[in-house]
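Following: one structure in structure tokens, then a few remarks.
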2 protein chains.
Amino acid sequence: LDFRTIIAKRRSGEAHEERELRMLAQGAADGSIPDYQLAAWLMAAVLRPLTTQETAWLTVAMAESGQRLDLTGLPQPCLDKHSTGGVGDKTTIVLLPLLAACGVTVVKMSGRGLGITGGTVDKLESVPGFRMDLSPAELLAQASRFGLAITGPTAELAPADRALYALRDATGTVASVPLIVSSILSKKLAGGAKNLVLDVKCGSGGFMPTFDAARELAQALRQTGELCGLKVRVALTDMTQPLGRAVGNALEVEEAFEVLSGEAGGRQRQAAQLQAEGGKPAAGRAASPSDGVEIAREAIARGHALHKAEEWFVAQGASGSRGSWGLPRARLQTEIPLAGEGGWIARLDPRAVGEAAVLLGAGRKTKTDAVLPAAGIECLAEVGDEVRPGHKLFRIHAETEEAAQAAQERLAEAVGVHSERVPPPPLILETF
Amino acid sequence: LDFRTIIAKRRSGEAHEERELRMLAQGAADGSIPDYQLAAWLMAAVLRPLTTQETAWLTVAMAESGQRLDLTGLPQPCLDKHSTGGVGDKTTIVLLPLLAACGVTVVKMSGRGLGITGGTVDKLESVPGFRMDLSPAELLAQASRFGLAITGPTAELAPADRALYALRDATGTVASVPLIVSSILSKKLAGGAKNLVLDVKCGSGGFMPTFDAARELAQALRQTGELCGLKVRVALTDMTQPLGRAVGNALEVEEAFEVLSGEAGGRQRQAAQLQAEGGKPAAGRAASPSDGVEIAREAIARGHALHKAEEWFVAQGASGSRGSWGLPRARLQTEIPLAGEGGWIARLDPRAVGEAAVLLGAGRKTKTDAVLPAAGIECLAEVGDEVRPGHKLFRIHAETEEAAQAAQERLAEAVGVHSERVPPPPLILETF
């Protein structure tokens, strides 16, 4: 089997056989297919998209290209979750203890942030002592004991995805729904997932700017996942403004605990409850979604979620409890008031807010940048809020005056105020 | 300028700017753009073809990626020729002295053969002493003195083409008219060409199997060439059977001299005259094509073409004269008679004949194979010929019994005989 034949098939839109996609995944993982041949195939796959069946074959082949985690020995049900990423999205930190408090085991691998999209690894590493480098054995032992465990990306799982993703990034072949789907799901499969809740963000702060594009990705994730033997629940959620108040690593951990303790309501709490609602029936526990959301609400109200979160943080190396994790605080805090006339917030562009956060050092421009854990932005108003002149819109947390100034300039472009009432956009666009 | 932006433009079918294609050609030549990025661009260019203007920009950029030959000091007019390659096509060896005998200077760079397509370098290297490694200075000096010179491919001219061609071969991105056009014309431009005659072969023995595909390539060569400042004449010619009698390196040199001396007529002579006819008006010498063909006919009849060919061979290192170049002769000659009933030859598949020649060692399966200079096949009948049972169809020139046997088996599939008269196919399909 010559890989050129496989490239030629993709180029002319002919259907691949399963063994061809196995050769591709194995060759990407072990380096036996040269990068330039993989790159040609990837571009052909962008312009002649894989079918759902081909995507599923590729996904399984990528998952099987390296080690796989076996979760069958853990207390069942087990659940995994994935978000396509957005600005201010700290749902994972809320959702994991919430589900664990409801008797659902969660084992999760997370990534680092790049560009305006934050990463859970960076957020949790802002907590002094928090370890994001658990070995597979540590991951399983902790999940078995406490019902939840999280770690950073590991080279052993789905090495084909690692190789292909690096190439896609370098060759302008990221934007392909089947390739995105196989990348996301192969890591989940390799991580042992059987039940999966997916949050596909829609809007300028997410990966998919339009509803149609986000819906296409969501459906492909659902359909391909099912062909791979996964139970999948998908939510399409709003990313036309940052999710919740905090954008920035330590600030987001702080807000997550406010949600877990029941102090903060708002959209971040709603998002976590939605995921719990979607996840519990997928894992077979609650009879209907509305039962799921009720159980999640109670886990917060009775303090079970907060307690589980504290257990979790301590298990992964943090010291203290809610409010005393020793989270870092930035040197400068500056509040930005509304400059012009009052009215209703009509626009709070998550891209601009995310870029301002990157300027502060809360995110990365390139993969090798370091992040400043305490830097970030609090959004003190949301779309639909009525604001008067002088109303505080943002609180900037900066390490230097220059960074604060640059962020402030970027934030000035983020906000639009309308003279008439604006309804807040719905958080949940569709679930299936 | 990030090359990923250029890839993304091609992927989405956006128009390239000239400077982007310059960056591509320069980066391919000096290695500053990694192979995997070039491969992704190439596949995008196959699936989202370049416009004629983009192809012309790329062609010029590739020509300017290395050294260029300056022919302005040579006796004018100067002409270059190119054939897309076929089985038994020894037109270059006839045409160069024919044109030189008519006062047209020809400086040509030729390639080696691969697969069923022969290469002029291999053909002329079957002549003992013939040098195909002239330096640019030697090439110009000889052309200045004798009116013609030829050499093999050199790494200094159009290095971008060399890099891109190797990648295209490895990544299934050969089949793209704009990429083929830029590859052909960039080498011609780098070689100093201003006037060009092109022979686009059409049929199973050539690069383009159908008339429509060959015509598309021919038109693209003409239009792009003109945008690059070349005067181009194109002929579409038949490759549904081998051109002329001989297929194989030394055998083809022998046939070329038969044509030059006026001994052999037939399709190979007709092909050379056609090229002369096309080339002379392009070079501004003859008022009309029919004048051109008349002058060429006379150059053969009066012995001028043969004389020029002898001068040329000696200038490039051969010893002797027509009939005494010391061409090698294969160990075995076997004649293959018609096995079945008589009739008219309806099919003489050039692909099968070419493959039989490769089995004999006259051609290469892979780039690194050596060729056997004396091996080959003489086709003793053409499509349209009436043949009786026992009529000799082929003469095989082989170095071993095994090779002869393998070639004979392949040749058995090459011939079809019809019980009713079959008209010979026209050699010239279209000229413009």
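Just so we're on the same page: letters track the sequence lines, and every chain starts at 1.
- By the neighbour-count criterion of 12 heavy atoms within 6.0 Å, atom CZ of B:F3 is densely surrounded, having more than that number from other residues, nucleotides or ligands.
- Most heavy-atom pairs under 4.5 Å with chain A, from the set B:A39, B:S12, B:G172, B:A40: that is B:A40.
- Residues A:L185 and A:L221 approach most closely at CD1-O, 3.7 Å, considering heavy atoms.
- In this structure, chain A has a heavy atom under 4.5 Å from the side chain of B:L167, while its backbone stays farther away.
- Both the backbone and the side chain of B:D169 come within less than 4.5 Å of a heavy atom of chain A.
- Using a 4.5 Å cut-off between heavy atoms, A:A44 touches chain B through backbone and side chain atoms alike.
- Formation of a donor-acceptor pair under 3.5 Å by the A:T84 side chain with backbone atoms of A:K201 is found in this model.
- If you measure heavy-atom distances from B:A170 to chain A, the contacts under 4.5 Å come from both the backbone and the side chain.
- Salt bridge annotation for A:R10-A:E54: present, with a cationic side-chain nitrogen under 4.0 angstrom from a carboxylate oxygen.
- One finds a salt bridge joining A:R4 and A:D2 here, because a Lys/Arg side-chain nitrogen approaches an Asp/Glu carboxylate oxygen to under 4.0 Å.
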